[in-house]
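Inspection log for the structure reproduced underneath, given as structure tokens.
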Amino acid sequence: VFALTRKEGDIMWRFQPNGVPIGQPLVDPGFFYLNLGATQVDAYALPTKGEGKPALANSHRTTLPLQLPPVQMEGYVIYPSPRGSVMVLNKLNMGEVIRYRTEGALSAGPGIHEIEGGLYIGSRDTNLYGFYLRENEPAWRLATGGPVDRTPFVNDEDIYVTAERVGLLRVNRKTLKGADMLTLLEKRGLLTLPQLEALAKELGPRRITDSSAILSMALQKGYITER
């Protein structure tokens, strides 16, 4: 495994993991996560300038094959399996938080909405599944009319999914109410109190119901950089 500088492509460090890396690693500000042999996920602390190479922090082993591309959210790394399951691991200890299951095989990983904690999984069982890492949010599924072989595209309002023999479908995405979105942004520390007050004042009554308007305005003002 090599780490390269973004500007010149020079090697910053290299190391040999205890296994064969499968697919691309996931990286956050403090760690990177490596799928080894499709049955083990290792978390490594990123080295400081003087340390030289990463240090193993935690590891998770599974009998579920994890050959598909992973994704991440704040606090979680998410690994899909061709067998139809998606495994969510806690970044703090690499323990399994939950495993989402579909009724068919998977050809691609899930689409996500990071702020709202939404995972959207297209399956070859001809369904689109919606799951949420927030508490008390019910899961759902929608018949697509054909097998889904690609990762759904997700924005603040819709999910776009391609079904075999059907084509591109646009699905209205279930979203938080505006007031709940403001609470979530504050709870996660993404907005300060003055920023929240500024958004609420500018949006007026829309702040109660329109979560997509809140996110769009927060992005325009540079308050947040993620969705």
Side-chain angles (χ1 to χ4, degrees), residues 23-35 41 43 46 60 66 68-81 85-100 102 106 108-122 128-142 148 150-161 170-192 195-196 199 203 207 209-227:
Q24 77 272 25
L26 296 174
V27 183
D28 64 24
F31 297 85
F32 79 95
Y33 308 87
L34 200 58
N35 181 353
V41 181
L46 290 171
H60 181 90
L66 306 174
L68 298 176
V71 292
Q72 65 174 314
M73 295 184 184
E74 183 183 43
Y76 305 101
V77 286
I78 300 161
Y79 285 84
S81 169
S85 296
V86 175
M87 186 171 64
V88 180
L89 303 178
N90 188 319
K91 287 183 176 181
L92 290 177
N93 56 20
M94 296 305 289
E96 184 172 334
V97 177
I98 194 169
R99 188 177 299 187
Y100 297 119
T102 71
L106 299 184
I112 64 171
H113 192 285
E114 184 171 356
I115 288 180
E116 293 191 12
L119 274 75
Y120 305 96
I121 305 167
L128 173 68
Y129 293 79
F131 298 102
Y132 298 89
L133 287 167
R134 301 193 312 270
E135 294 181 358
N136 303 319
E137 286 292 332
W140 53 262
R141 71 176 180 178
L142 176 73
V148 179
R150 295 180 177 141
T151 297
F153 173 79
V154 183
N155 63 25
D156 289 338
E157 297 179 353
D158 300 299
I159 307 163
Y160 293 86
V161 59
R170 178 184 176 186
V171 180
N172 289 330
R173 192 176 68 83
K174 180 181 179 181
T175 60
L176 285 174
K177 293 180 180 179
D180 293 333
M181 175 60 74
L182 288 172
T183 300
L184 180 63
L185 291 170
E186 182 180 17
K187 183 177 179 180
R188 288 187 54 190
L190 295 174
L191 293 183
T192 64
Q195 289 172 339
L196 288 166
L199 285 178
L203 286 167
R207 71 184 187 277
T209 58
D210 196 342
S211 63
S212 62
I214 291 170
L215 290 178
S216 295
M217 185 168 291
L219 284 164
Q220 290 173 9
K221 290 181 176 294
Y223 293 166
I224 60 175
T225 58
E226 59 183 41
R227 286 183 113 94

Output the distance between atom CG (Leu119) and atom CZ (Phe131), rounded to the nearest 0.5 Å. 8.5 Å
Spell out, as yes or no, whether a donor-acceptor pair under 3.5 Å connects the side chain of His113 to the backbone of Gly118. no
Run the numbers on Met94 and Val41 for side chain to side chain contact (heavy atoms under 4.5 Å, CB included), then give the verdict. CA-CA 8 Å; Met94 296 305 289; Val41 181; 3.5 Å; yes
Salt bridge (Lys or Arg N to Asp or Glu O under 4.0 Å) with Arg141: which residues, sequence neighbours excluded? Glu103
Leu68 versus Ser81, closest heavy-atom pair with distance: CD1-C, 3.9 Å
Smallest heavy-atom separation, Ser85 atom then Leu106 atom, equals O-CD1, 3.8 Å
Considering only heavy atoms from C-beta outward, does the side chain of Pro80 approach that of Ile121 to under 4.5 Å? no
Quick one: does Pro110's side chain get under 4.5 Å of Tyr120's, heavy atoms only? no
Could you tell me whether the side chain of Tyr129 reaches within less than 4.5 Å of the side chain of Val86, counting heavy atoms only? no
Starting at CD1 of Ile98, measure out to OH of Tyr76 and round the result to the nearest 0.5 Å. 9.5 Å
When you measure from the side chain of Thr151 to the backbone of Gly111, do you find a donor-acceptor pair of N or O atoms at a distance under 3.5 Å? no
Stepwise, does the side chain to side chain contact (heavy atoms under 4.5 Å, CB included) test hold for Met73 with Ile78? CA-CA 8 Å; Met73 295 184 184; Ile78 300 161; 4.1 Å; yes
In the structure I gave you, are the side-chain heavy atoms of Phe31 and Leu26 within less than 4.5 Å of one another anywhere? no
So CD of Gln72 and NZ of Lys91: to nearest 0.5 Å the spacing works out to 4.0 Å
Restricting to side-chain contact (heavy atoms from CB on, under 4.5 Å), what partner residues turn up for Tyr160, sequence neighbours left out? Phe153, Asn155, Asp158, Leu168, Arg170
Side chains of Val97 and Leu89 in contact at under 4.5 Å (non-hydrogen atoms): no
Nearest-0.5 Å distance, CG of residue Leu142 to CD1 of residue Ile159: 8.5 Å
Checking Asn35 side chain against Leu66 main chain: does a donor-acceptor pair fall under 3.5 Å? yes
Report yes if some heavy atom in the side chain of Val27 is under 4.5 Å from a heavy atom in the side chain of Leu46; otherwise report no. yes
Less than 4.5 Å apart, side chain to side chain, heavy atoms only: is that true for Leu128 and Pro152? yes
Could you list the residues that satisfy side-chain contact (heavy atoms from CB on, under 4.5 Å) with Pro69, not counting sequence neighbours? Gln24
Evaluate side chain to side chain contact (heavy atoms under 4.5 Å, CB included) for Tyr79 paired with Val88, printing each intermediate quantity in order. CA-CA 6 Å; Tyr79 285 84; Val88 180; over 6 Å; no
Can you confirm whether Met87 sits close enough to Tyr100 that some side-chain heavy atom of one is under 4.5 Å from a side-chain heavy atom of the other? no
